[in-house]
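Note sheet for the following structure.
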Amino acid sequence: MSNPFDDIPFDDAHGAAPAPKPAGNGGSGIAARAMGARQTPDYLTGLNPEQRRAVETTEGPVLVLAGAGTGKTRVLTTRIAHILAQGLAWPSQVLAVTFTNKAAREMKERIGLLVGGAVEGMPWLGTFHSIGVKMLRRHAEMAGLKSDFTILDTDDQIRLLKQLIQAEGLDDKRWPARQFAMMIDGWKNKGFGPADIPEGDARAFANGKGRELYTAYQDRLKTLNACDFGDLLCHPIRVLKANPDVLADYQQKFKYILVDEYQDTNTAQYLWLRLLAQRRVSAPTSPLRGGRRSEQSEADPGGGDIGANTPTRLDTVSPTSPQGGGGTGAPPNICCVGDDDQSIYGWRGADVDNILRFEKDFPGATVVKLERNYRSTAHILGAASHLIGHNEGRLGKTLFTDAPDPDDPKVNVHAAWDSEEEARAVGETIERHQRDGHKLNDMAILVRASFQMREFEDRFVTLGLNYRVIGGPRFYERMEVRDAMAYFRVVCQPADDLAFERIVNTPKRGLGDASVRLVHDYARKTGVPMLAAAEEIVATEEMKPKPRAALRGVIENFRRWQEQLDNTPHAELAETILEESGYTAMWQADRSAEAPGRLENLKELIRSMEEFESMRAFLEHVSLVMDAEQNEDMDAVSIMTLHAAKGLEFDTVFLPGWEEGLFPHQRALDEGGRSGLEEERRLAYVGLTRAKRHCHIWFVSNRRIHGLWQSTIPSRFLDELPTTHVDVAEPPTSYGGYGGYGQSRFDRAGTFSTKRESPGWRRAQANQTEATRGNWGSRSGVAVERIGYGETDSGFGAGKGSVKGRVIEGELVAKSVADEPSAFAVGDRVFHLKFGNGNVTAIEGNKLTIAFDKAGEKKVLDGFVEAV
DNA sequence: TCGTCAGGAATTTTT
DNA sequence: TTCCTGACGA
């Protein structure tokens, strides 16, 4: 059978020679079509000067620092269109990489619009992984694989690792496969093979067997003719390094390289890009990884102002010498677009340093900053900019808008007693917006952690409010889809043992652990795939009659399906497989609530298969690209994590859960220290900048975490918002007014009488008389609606007659009551419900800095601690 | 083989 | 608290 993945010949029709200007050649191809627009092409006319510079500086390295909402995608797509239209390169000579399929798809579409046609001609536009696969298919044998290798997902990976850990005679509970999978992932993100991993890492797992296990894992993958996601990049890197001729081919081929979201690249991706971007003549390859990078981080302990203003270090690293090098290869035409302030994936290996270091990696680089924001109001931009200004180690950008409007609402900060009240209040605000004619589609709730979603979902269900959750398990991650896929995989790839094991007893056929183990062991012993091993075992007496018959049935099925593979339409065959295997019947018989949905998913799976040429092509697609479709017709509020929100925008954004411990997340602080905090702050920045017009931030005083009620204090990020752009809503609740957020239930019980004397308390008392009956957030509390939207016209149709004093402009109450002397003194011994005992080391208003015996130094409000 | 119970872990996520 | 995993017994 010919390799179905070889659809695009390596030496494409245009050859490797410099691209001719295709203008005159009567009209095939995108480039030619684009040339239809002759003079100042209209794709350039709508751009602002900076954008235009980013588009038109086609030669040499370019870093585009694109702040949120500054037209990043537009620049990227226009730049490609420009390159093509100018005849600088053929579509097949442009390498354009993104992180997600969604981004790749979007880019394709938009280039198509610009250039006036489909973009099939851009074979090298895709995700890092899909391009990695494409390379690897072509040179698989150089990585010890066959070109039809399968791609394992995380689930397969973990099952495989578990087998290996057990095979080593290790306790797989003490050394969880999941954890080891994460370690391997981390190594691969850095481009480490088993030989490269640091000794410490190797020892950290499985009594020092880390390296051994990693090696075993890679060996096993090779036998299975399989790759995990990390390999999709690591193998190509190794191939390119070991085969200079192959590398040279690619280097010549890719006249232009474009990278989206450069701040999210990990070390492996960086290495891969560097290889491709180097011009052959110069180029030391080896020192990229270890030494220099760590040197640099040591040279910059505080993460000081790296980048734009530190030309001193430019000369320390110059792998490519731009002008001075006396003709050793021109600088590469690589254009990286990103925003260091939106780097939020450090925890999965992304290295902000890559973007901070760009100018050193590519001396002579043009840096274009896009700061003109087309998305948000001046208040939102002001708030976001001020917040992110607390980070160090930035390249430094300040967003601004050309269209400030005095009527724009400020960013609103609200307090609630607990998460239930928070959800209720958010629900109310949403309904109010809806009544004012806003579409639910234009509103989103962005949470830090997914457990926060439930409360909102519950609330919206009772309200009958449409919502959609973005994120969650993807289509191809669902059990039934993976099961079905496993069947297809075994049919297409009889050696795919992982798939075989997955479904050999699904649906139940009486082939339990013992039977599977027998086949597995036999296969390992004789070095044949499990399916073949099973065939041999069935011919013997080794197995009891019952399971033997069952196994024989399975084998016969697979053999039959395999025969049909080449002469039956693949979607039809797929349906047959699921029918004959009893898999469909299994779900039909299932009485549970999910069963119908699962059957529906299976149908959808087969339906989508029809679009592909073969089952094999389909398998490839699903493992890399397929994602769930969202029903866009429905008007619904979106609920998603902050991470998932990157790149999106909404008219109205709700940001609940701004409390210490949740946001910034405690674990980010514990594990990431200062840089962890900065990443959290960037996440906050991402959240704020998703909003076009309305932005509501919430925090609660009490949150149930793992079933335990915890009193919480407002996020430090709230203190970092500028007074001029923020309104603090002061909810008059029965819990004690604004000060309410700072109070624990003990306050209510009157434990801390001092609290009653605080300005916050008194103000609350005053408000309470007129402002409300019932709780903040109750559905009938019309009065509540006005609160906090007072003095500035929020655009919600809020009333004019707000009560002065309800709106505290500026820094949170924690500071607004700072004039009140604290009841504590430095040196006092205190007790905190969560942190335990400690000593007061500093006092700032009602904020105490306390050195806790166990929890370390924390800032807490005095309402939370008790003298001991 | 399947159900039940106890124990442990409970950010963020793309490919 | 809740959910998932793994061990154990019918």
Side-chain angles (χ1 to χ4, degrees), chain A residues 97-104 126-133 151-158 162 166 171-174 176-179 182 185-186 188-189 227-234 260-261 264-266 268-269 343-350 419 446-455 470-474 476-477 505-516 546-547 550 620-627 640-647 657 661-672 676 679-680 682-684 686-687 703-710:
Chain A
V97 273
T98 64
F99 274 85
T100 61
N101 294 301
K102 199 176 151 214
T127 61
F128 277 99
H129 294 268
S130 65
I131 290 173
V133 175
I151 299 163
L152 302 188
D153 61 25
T154 321
D155 212 74
D156 294 320
Q157 197 186 354
I158 288 169
K162 192 168 170 186
Q166 286 169 340
D171 180 3
D172 64 306
K173 272 172 110 176
R174 171 111 170 71
R178 185 173 291 279
Q179 192 194 328
M182 276 161 50
D185 246 31
K188 290 188 174 175
N189 283 158
C227 271
D228 63 19
F229 284 122
D231 286 338
L232 298 181
L233 226 70
C234 286
D260 191 18
E261 306 278 18
D264 288 339
T265 48
N266 61 37
Q269 287 155 343
S343 161
I344 54 174
Y345 286 109
W347 51 272
R348 69 175 195 211
S419 51
L446 312 182
V447 297
R448 173 67 246 266
S450 40
F451 75 83
Q452 291 173 265
M453 291 180 179
R454 233 186 83 179
E455 205 106 37
I470 308 223
R474 274 156 231 321
Y476 63 80
E477 279 169 4
N505 196 33
T506 312
K508 300 267 184 286
R509 305 187 169 93
L511 291 165
D513 260 2
S515 315
V516 176
K546 243 191 190 163
E620 163 117 348
H621 175 82
V622 174
S623 58
L624 275 180
V625 196
M626 196 148 152
D627 43 20
M640 68 190 93
T641 62
L642 286 160
H643 284 91
K646 191 164 78 148
L662 177 59
F663 193 35
H665 200 281
Q666 193 56 48
R667 223 164 125 177
L669 301 180
D670 292 347
E671 288 166 18
E679 183 156 313
E680 295 286 292
R682 289 193 289 266
L683 203 47
V686 167
R703 194 174 284 280
R704 200 171 43 183
I705 298 167
H706 310 326
L708 290 172
W709 280 100
Q710 310 240 280

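Atoms considered below: every heavy atom in the structure, side chains included; atoms not considered: hydrogens, waters and symmetry mates. Chain naming here is simple, since letters A, B, ... match the order of the sequence lines and numbering starts at 1 in each. Because the structure is predicted, anything quoted here is derived from the model rather than measured.
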If you find the nucleotide of DNA chain B closest to S515(A) and the one closest to H643(A), which residue's nucleotide is nearer the 5' end?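 It is S515(A), whose closest nucleotide lies nearer the 5' terminus.
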Take F229(A) and E679(A), find for each the nucleotide of DNA chain B with the closest heavy atom, and name the residue whose nucleotide sits nearer the 5' end.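 Nearest-nucleotide comparison on DNA chain B picks E679(A).
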Between [atom2] on [N] and [atom1] on [X], what's the gap in Å once rounded to a whole number?
| X | N | atom1 | atom2 | result |
| --- | --- | --- | --- | --- |
| Y345(A) | dT15(B) | OH | C1' | 12 Å |
| D185(A) | dT12(B) | CG | C1' | 15 Å |
| F128(A) | dT15(B) | CZ | P | 13 Å |
| I344(A) | dT12(B) | CD1 | P | 13 Å |
| M182(A) | dT12(B) | CE | P | 12 Å |
| M453(A) | dT13(B) | CE | C1' | 12 Å |
| F99(A) | dT13(B) | CZ | P | 16 Å |
| D264(A) | dT13(B) | CG | C1' | 11 Å |

State which residues pass side-chain hydrogen bond (donor to acceptor under 3.5 Å, both in side chains) with [X]; sequence neighbours excluded, sorted by chain then number.
| X | result |
| --- | --- |
| D153(A) | R482(A) |
| R509(A) | Y487(A) |
| S130(A) | T127(A) |

With sequence neighbours excluded, tell me which residues meet side-chain contact (heavy atoms from CB on, under 4.5 Å) with [X].
| X | answer |
| --- | --- |
| E455(A) | S419(A), E420(A), A423(A) |
| R667(A) | H665(A), E671(A) |
| A350(A) | Y345(A) |
| D228(A) | Q157(A), I184(A), K188(A), Y217(A), L221(A), D231(A) |

Whole-angstrom distance between dT12(B) and dC3(C), as gauged at atom P:
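Roughly 15 Å separates the two P atoms.
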- Quote, to the nearest angstrom, the C1' distance that separates dT2(C) from dT13(B).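 Looking at atom C1' only, dT2(C) and dT13(B) are 22 Å apart.
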Protein and nucleotides 2-10 of chain C: nitrogen or oxygen contacts under 3.5 angstrom:
residue : atom : partner : partner atom : Å
dG6(C)  : OP1  : K162(A) : NZ           : 2.9

Got a salt bridge between D264(A) and K646(A), using NZ or NE/NH1/NH2 to carboxylate O under 4.0 Å?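 So D264(A) pairs with K646(A) through a salt bridge.
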Grab the N/O contacts between the protein and nucleotides 2-11 of chain B below 3.5 Å, and write none if there aren't any.
residue : atom : partner : partner atom : Å
dT11(B) : O4'  : H665(A) : NE2          : 3.4

Just call it for G132(A): base, sugar-phosphate, or nothing, with non-hydrogen atoms closer than 4.0 Å on any strand.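 Since no nucleic acid heavy atom lies under 4.0 Å of G132(A), the category is nothing.
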Original post:
Is L446(A) touching bases, backbone alone, or none of the nucleic acid, heavy atoms closer than 4.0 Å?
Top reply: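 The answer is nothing, as L446(A) stays clear of every strand by at least 4.0 Å.
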Taking syn as a glycosidic torsion within 90° of 0 and anything else as anti, which one is dT11(B)?
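dT11(B): syn glycosidic orientation.
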Note to self: For P176(A), is there any backbone N or O sitting under 3.5 Å from a side-chain donor or acceptor partner on Q179(A)?
What the structure shows: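 No, Q179(A) side chain to P176(A) backbone: no donor-acceptor pair under 3.5 Å.
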Inset, instruction - Without swapping roles, check the side chain of E679(A) against the backbone of G346(A) for a donor-acceptor pair under 3.5 Å. - result: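 Yes.
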